[in-house]
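Scroll down for the structure; my scribbles are underneath it.
In listed order, ligands and their atoms are each counted from 1.
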Amino acid sequence: MPLRILVCIKQVPDPEQFDRMTLDPVTGSIDRAGIAPVTNDVDRHALEEALRIREALGGSVTVLTMGPPQARKCLEDALAVGADRGVLLCDTAFAGADTLATSAVLAAGIRSAGEFDLVLCGNESVDGATGQVPAQLAEALGWPRVTFARKIEWVQDGRIARVEREIEGGILRVEVGLPAVIAVVKRINRCRLPTIFGILEAGKKEIAEAGCSDCECAGLAAAAMGLGGSPTRVAGIFQSHRKRKVEMIGGDAKEAARALVARLREMDAL
Ligand SMILES: Cc1cc2nc3c(=O)[nH]c(=O)nc-3n(C[C@H](O)[C@H](O)[C@H](O)COP(=O)(O)OP(=O)(O)OC[C@H]3O[C@@H](n4cnc5c(N)ncnc54)[C@H](O)[C@@H]3O)c2cc1C
């Protein structure tokens, strides 16, 4: 069965430049100025999985992001790798959203973008890093969800996904019927690179834009979007400064182990 797949991708500050990131002590927000934006790495793996499913079962791959106008770039990159079309959810009404408001807008954006059988997400972003969006998005859509997916197999002509989930100390195998939201981990696959042909073709593909009114048409009240729709409040924020010190402990293995235990006790670390 051909699947209509939608992949949620998020633009994040380049983790290579995280050391240049600062926090605003008043608003509690991250100052991203001057840090190059990139696609959240695990979302590239979600896209790769979608392309593999399309190759195996047929169908289409739509990529969607909620973000500022410059988030269009991560959609263009996804189109160059092989996605069929992009959707940019962009509106000042979405600014300041916590994970609940983000998920609500993503769900409304998905509903207004068309009919889908499967939504793939990354399991966690590298900046917000809550891992809450996939579950909240599934809830908003009224669909089942599977997180921490490291392998997906298709049975019953693509109507049921057999998923291996990474759990602490093992693997959990579950089956889920479509439509569903599946959040993947990086281990699921190796991402392909865009080809020259792919980059040239990307320019011909559509990136649709949707805003507050489109989400309202899809049934989401404006009050549920952005900062106003966010029950989370940042109570405080601080930048941690790690102090590192090296102490060499000499002697044979037994003496060194005893000295190490004594030192850790002294430091109240045992
Ligand atoms: C009060 C408050 C205000 C905030 N204000 C801002 C703000 O002004 N600007 C800002 O950038 N952040 C803001 N944030 C952070 C923002 O809430 C999170 O970045 C966002 O909700 C996603 O959460 P996450 O990164 O933890 O996603 P996770 O749950 O870790 O992400 C998992 C997956 O969900 C998908 N996903 C997540 N976000 C998006 C997205 N935007 N588009 C498409 N797919 C997505 C991706 O597939 C991703 O891999 C604010 C947070 C709070 C609490």
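For Arg187, the salt bridge (Lys or Arg N to Asp or Glu O under 4.0 Å) criterion is met by Glu166, not counting sequence neighbours. Contacts of Asp91 classified as salt bridge (Lys or Arg N to Asp or Glu O under 4.0 Å), with partners at least two apart in sequence or in another chain: none. Judged as a salt bridge (Lys or Arg N to Asp or Glu O under 4.0 Å), and not counting sequence neighbours, the contacts of Glu247 are Arg263.
No side-chain heavy atom of Val176 sits under 4.5 Å from any side-chain heavy atom of Trp143.
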Review point. Does the side chain to side chain contact (heavy atoms under 4.5 Å, CB included) test come out yes or no for Leu120 and Ile152, once each step is laid out?
Key: CA-CA 11 Å; Leu120 290 175; Ile152 308 175; 4.3 Å; yes

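We find that Lys204 and Glu201 are joined by a salt bridge, their nearest charged nitrogen and carboxylate oxygen being less than 4.0 Å apart.
Within 4.0 Å of ligand 1, heavy atoms belong to protein residues Cys8, Ile9, Lys10, Arg32, Asn40, Asp43, Leu64, Thr65, Met66, Gly96, Ala97, Asp98, Thr99, Thr102, Leu106, Cys121, Gly122, Asn123, Glu124, Ser125, Asp127, Gly128, Ala129, Thr130, Gly131, Gln132, Val133, Pro134, Thr232.
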